There are 2 protein chains.
Amino acid sequence: MEKHPVTIKDIARQLNISVSTVSRALRNVADINPDTKKAVLELASRLNYEPNIMAQSLVRRSTRIIGVIVPAIHSHYFSQALSGMTDVANENNYYLMFCQSNETYVQEVSSMKKLLACNVDGLLVSVSKETKDPTEFRRVKEKGVPIVMFDRILPDFPCNRVIVDEYEGAFKAVEHLIKKGCRRIVHIAGPEGLSISENRLRGYVDALGKHRLPVDEKLILRCKAFEEDALPLIRKVARLRPLPDGIFAINDRTAVLAMKYFHSHGIAVPADIRIVGFNDDPISEVVEPSLTTVMQPGYEVGKLAMGILIDEICKAPKAEQTFRLKTRLMIRNSSR
Amino acid sequence: MEKHPVTIKDIARQLNISVSTVSRALRNVADINPDTKKAVLELASRLNYEPNIMAQSLVRRSTRIIGVIVPAIHSHYFSQALSGMTDVANENNYYLMFCQSNETYVQEVSSMKKLLACNVDGLLVSVSKETKDPTEFRRVKEKGVPIVMFDRILPDFPCNRVIVDEYEGAFKAVEHLIKKGCRRIVHIAGPEGLSISENRLRGYVDALGKHRLPVDEKLILRCKAFEEDALPLIRKVARLRPLPDGIFAINDRTAVLAMKYFHSHGIAVPADIRIVGFNDDPISEVVEPSLTTVMQPGYEVGKLAMGILIDEICKAPKAEQTFRLKTRLMIRNSSR
DNA sequence: TTTTTTTCCGGCAACGTTACCGGAAACGTT
DNA sequence: AACGTTTCCGGTAACGTTGCCGGAAAAAAA
């Protein structure tokens, strides 16, 4: 074991030809005798030759590696997106390197440095909840490495983007509550400054506006993290008088947390209060009562983002676009 | 933009010294004047120099890239494991390339080929449900690329392994049911031949044996896939007479499926039938009644597997071991 | 036949880095 | 002063591959 992997030189030596001829035979280039080509290909497959990607990328200045940075690899939504990316990357003969920021800006930047050192051909990023400053991303772009942002984008940083239409999703969710008769609807919002938080909040506000309901600041509660600090907010909601009759939560975990809390405190869902979440996590189908929620097509977001990035790598630069995928309101029992 | 990234040569030119001197200054080697070293380091950081990993790996014959193959990136358990791996890899300055087999042998092998072409320093594999044949893995090992298998291992292929003690987990789960008074316990088992299926089955059988309960073949039902074909089996269970009084399911999704089915068919859980699952997916906490299940430490499995692989890459080969992480029985309402 | 064109191949340099070797200069020793 | 030692540096080859160029041999045209 530990033999040298077979190289182009080995083939050249055995066939008594030069390395450049072998190289040409292995690729689809003219200037090669069909017979030699056949001989080379045969020997190559017999020896189980695999080209050395490192050497290739060194001379080609392109690695076919794409770097991906997400806040957390575990997380139903992101792991679905990663899955979509992987499938598309595979089809197109690209390699993927994954990093997670664990929701910190520091890890995000250090991951980016590492990926750049690997000469990635492109970057797929969903920013951490701490990230506000686009300068690091600008630097990368100036080096000529294309970036596509997905889901959690940075408003100040122009680039191709793939997001779900969270505004519309939120709007539909809140409108659904209104149609069910809710008049005092709480929004448990996400961390400030994050695009997804703001979009969902806007959807909430506009839906109220459309139906001429007042926007009461006291009914808008902000999480700092995503789930960790939701419980105190939920307690606050339960103590509000009169009790709100609807909740639109930033995500399913928060919504479920609220449902569990209400259940153990004698507040009935949906009779006393209706609840809608966001994400369509597996838990939403399973919780009792099942949770109405906004489905985001994570797998599709991943596929699309990867597709766009690959396009940007290969072809001439087009105008930067923002692609919005539609959400779907999954109506279940928590709002019936 | 699209400027050449700064190389060791640029530094050498600007400082009027040779590339080898720069190279030495950048690394921790003797044979370098402290002053020159300082000058080089300063200029390097001023120019934002990053060494080209491709070039380094070409000459060092080591890429610091580790390939990971799992059946599915989405999946609560695997995404947790990947998360653990990523964190450990990062700490140790390794890069990760992820592939998913989508539970097919073909994709698994093609992923492996691709990763090898990238000259990965090691491989972390959890095999697909189709995989029986160890020859491809043997080949890799003969090339000197270390493999650590985790979770879904291949019995015929000797290597370092990290698994959870599924036997003990299953044993405890079934024993728990017995202690709650169950006497006719069904096992909804996983696909045949998979290590995890077999280990859990053995735990089931042995727990029955220990408590002198008969093993009834009619109470052991096999899934072919994991969840897709579970429903017919559950129907079968519901039609059994006398009705079984306990179920040990291969995973939480199957268990929840069963609970939902029973609920809509007037069978009470846990009064008529007690249920235990496997995995501790988020859904198990949330379902009504909450699901008793066997917790597997996915994140820890990932961390440990990566740690062992890195050890194997760096140090002299030690005897191959199988590391078993303990599970924990999470007792909830579905078995009370 | 000679000339032109085509076909095919080998040599060389390059990609960015490291490893090895040899040697100049500075220092220390007797 | 002559010698050995140490310190530090530059040159060169190599890692595996591709791209360019020049040229020999074969084929086509004159």
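Each chain gets a letter, A, B and so on, in the order its sequence line appears, and its residues count up from 1. Since this is a predicted model, take the numbers as computed values, not measurements.
Of the two residues near DNA chain C, A:V19 and A:R24, the one whose nearest nucleotide lies more 5' is A:R24. Residue whose closest nucleotide on DNA chain D sits further toward the 5' end, between A:P51 and B:S18: B:S18. Of the residues near DNA chain C, B:A55 and B:V29, the one whose nearest nucleotide (by heavy atom distance) lies more toward the 5' end is B:A55.
The side chain of A:Q56 contributes no N or O atom lying less than 4.0 Å from OP1 or OP2 of D:dG16. The side chain of A:K9 places no N or O atom within less than 4.0 Å of a non-bridging phosphate oxygen (OP1 or OP2) of D:dT17. For C:dC8, the OP1/OP2 oxygens have no side-chain nitrogen or oxygen of A:K37 closer than 4.0 Å.
The distance between atom CD1 of A:I32 and atom C1' of D:dA26, rounded to the nearest whole Å, is 16 Å. Counting to the nearest Å, the C1' atom of C:dG10 and the CG atom of A:N33 are 15 Å from each other. Residue A:L58 contributes atom CG, which lies 18 Å from atom P of C:dA13 at whole-angstrom precision. Rounding to whole angstrom units, CZ of residue B:R60 and C1' of C:dC15 are separated by 17 Å. The distance between atom CG of B:L116 and atom C1' of D:dG16, rounded to the nearest whole Å, is 17 Å. Protein atom CG of A:L26 is 12 Å distant from nucleotide atom C1' of D:dG16, rounded to whole Å. As a whole-Å value, the separation of A:I11 CD1 from C:dG10 P is 14 Å. Rounded to an integer number of Å, the gap from A:I53 CD1 to C:dC15 C1' is 16 Å.
Comparing D:dC8, D:dT18, D:dG11 by their nearest atom to the side chain of A:R27 picks out D:dT18. When distances are taken from the side chain of B:Y49 to each of C:dC9, D:dC9, C:dT17, the shortest belongs to C:dT17. The side chain of B:T21 approaches D:dC9 more closely than any other nucleotide in the set D:dC15, D:dC9, C:dC15. Comparing C:dG11, D:dG16, C:dC15 by their closest approach to the side chain of A:N52 singles out D:dG16.
Atom-to-atom distance recorded for B:C99:SG and A:D87:CG is 10.5 Å, nearest 0.5 angstrom. Once rounded to the nearest 0.5 Å, the distance linking OG1 of B:T86 with NZ of B:K303 reads 12.0 Å. We find the CZ-CG distance between A:R138 and A:D156 to be 7.0 Å, quoted to the nearest 0.5 Å. If you take CD on B:Q321 and CZ on B:R161, they are separated by 12.0 Å, rounding to the nearest 0.5 Å.
For A:F98, the ring pair (Phe, Tyr, Trp, His ring centres under 6.0 Å) partners are B:F98, not counting sequence neighbours.
At a cut-off of 3.5 angstrom, counting only N and O atoms as typed in the model, there is no donor on one side facing an acceptor on the other between the side-chain of A:T7 and the base of D:dG16. Looking at A:S23, its side chain has no donor and acceptor atom pair within 3.5 Å of the base of D:dG19. Taking 3.5 Å as the limit, the base of D:dG16 and the side chain of B:R61 contain no donor-acceptor pair of atoms between them.
Here B:T36 lies in heavy-atom contact (under 4.0 Å) with sugar-phosphate atoms only. If you check every strand for non-hydrogen atoms under 4.0 Å, B:D31 touches a base.
Using bins of under 30°, 30° to 60° and over 60° for the plane-to-plane angle, the ring pair B:F78/B:F150 lands in the perpendicular bin.
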